[in-house]
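Right, one structure below, let's go through it.
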Amino acid sequence: MPTSELPAGTVVVVPFPYSDRLAEKRRPALIVSGPAVAEAGYVWIAMITSARNTQATGDVRIDDVAAAGLSVASVVRPLKIACIESTRILRRIGTLPAGTAAQVFTAIKSLIGPA
């Protein structure tokens with residue numbers, strides 16, 4: 001799927017890399033990168049996890065799980081971002097509402113800190 005069809009705010013299914021071991025888990029993720037990253041053949045993704053898991057700094061609750069293509073209450077975890085090749089995207093499942101996506105981008109910026 002061409003990354004031009006996958007703007008920031010799109011929910012996809014990917015083999016998301018674990019941060020503590022050489023393994024991956026197929027899971028939903030939120031695209032948080034734009035056209036400049038896509039032109040290089042990459043996508044930045046933020047982890048989406050079940051809302052029942054322990055909360056982490058910056059987690060953003062997804063209120064409209066149906067629009068996001070999810071079946072359970074979930075959160076975007078901006079603390080866990082990965083860079084993957086666009087060819088690793090398995091499928092698109094939904095889109096976050098603009099307000100929720102804006103909360104995620106604000107959380108990412110706050111985690112980066114001042115320039």
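From a predicted model like this one, the values you see are computed outputs, not experimental measurements.
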- Query: Would Arg92 and Thr10 satisfy side chain to side chain contact (heavy atoms under 4.5 Å, CB included), going step by step from the backbone distance to the final call?
  - Reply: CA-CA 7 Å; Arg92 175 188 184 146; Thr10 302; 3.7 Å; yes
- Query: Linking I/L/V/M/F/W/Y whenever any side-chain heavy atoms sit under 4.5 Å apart, do Trp44 and Val11 land together?
  - Reply: yes
- Item | Shared hydrophobic cluster for Tyr42 and Leu90 (ILVMFWY, side-chain gaps under 4.5 Å) | yes
- Task: Identify the residue among Asp59, Val104, Val60, Ile62 that makes a side chain to side chain contact (heavy atoms under 4.5 Å, CB included) with Val75.
- Result: Asp59
- Euclidean distance, Lys80 NZ relative to Met47 CE, rounded to 0.5 Å: 4.5 Å
- Message: Testing the basics here: between Ala8 and Ser33, what is the closest heavy-atom pair and its distance to 0.1 Å?
- Response: CB-O, 3.5 Å
- Test log, rule side chain to side chain contact (heavy atoms under 4.5 Å, CB included), inputs Val32 and Phe105: CA-CA 7 Å; Val32 295; Phe105 302 135; 3.9 Å; yes
- Would you find a donor on one side and an acceptor on the other, under 3.5 Å apart, between the side chain of Ser74 and the backbone of Val72? yes
- Shared ILVMFWY cluster between Ile84 and Phe16, side chains joined below 4.5 angstrom? yes
- Item | Residues that Arg61 engages under salt bridge (charged side-chain N to carboxylate O under 4.0 Å, His left out), provided they are two or more places apart | Asp63
- Tell me, with the steps shown, if Asp64 and Thr100 meet side chain to side chain contact (heavy atoms under 4.5 Å, CB included). CA-CA 9 Å; Asp64 192 344; Thr100 306; over 6 Å; no
- Residue among Ile45, Ile48, Thr49, Val13 satisfying side chain to side chain contact (heavy atoms under 4.5 Å, CB included) with Arg27: Thr49
- Message: Just so I know, are the side chains of Pro15 and Lys25 near enough to count as touching, which here means a heavy-atom distance under 4.5 Å?
- Response: no
- Query: With side chains defined as the heavy atoms from C-beta onward, is the minimum distance between Ile93 and Pro28 less than 4.5 Å?
  - Reply: yes
- Message: Contact between Ile89 and Val43 at the side-chain level, heavy atoms closer than 4.5 Å - yes or no?
- Response: yes
- Taking all non-hydrogen atoms of both residues, which atom of Arg77 and which atom of Ala56 are closest, and how far apart? NE-CB, 3.5 Å
- Message: Pair Val76, Leu96 - check side chain to side chain contact (heavy atoms under 4.5 Å, CB included), show working.
- Response: CA-CA 10 Å; Val76 179; Leu96 282 191; 4.0 Å; yes
- Closest contact, heavy atoms only, Ala107 versus Pro78: CB-CG, 3.8 Å
- Task: Quick one: which residue pairs count as a side-chain hydrogen bond (donor to acceptor under 3.5 Å, both in side chains) with a foot in residues 101-110, not counting sequence neighbours?
- Result: none
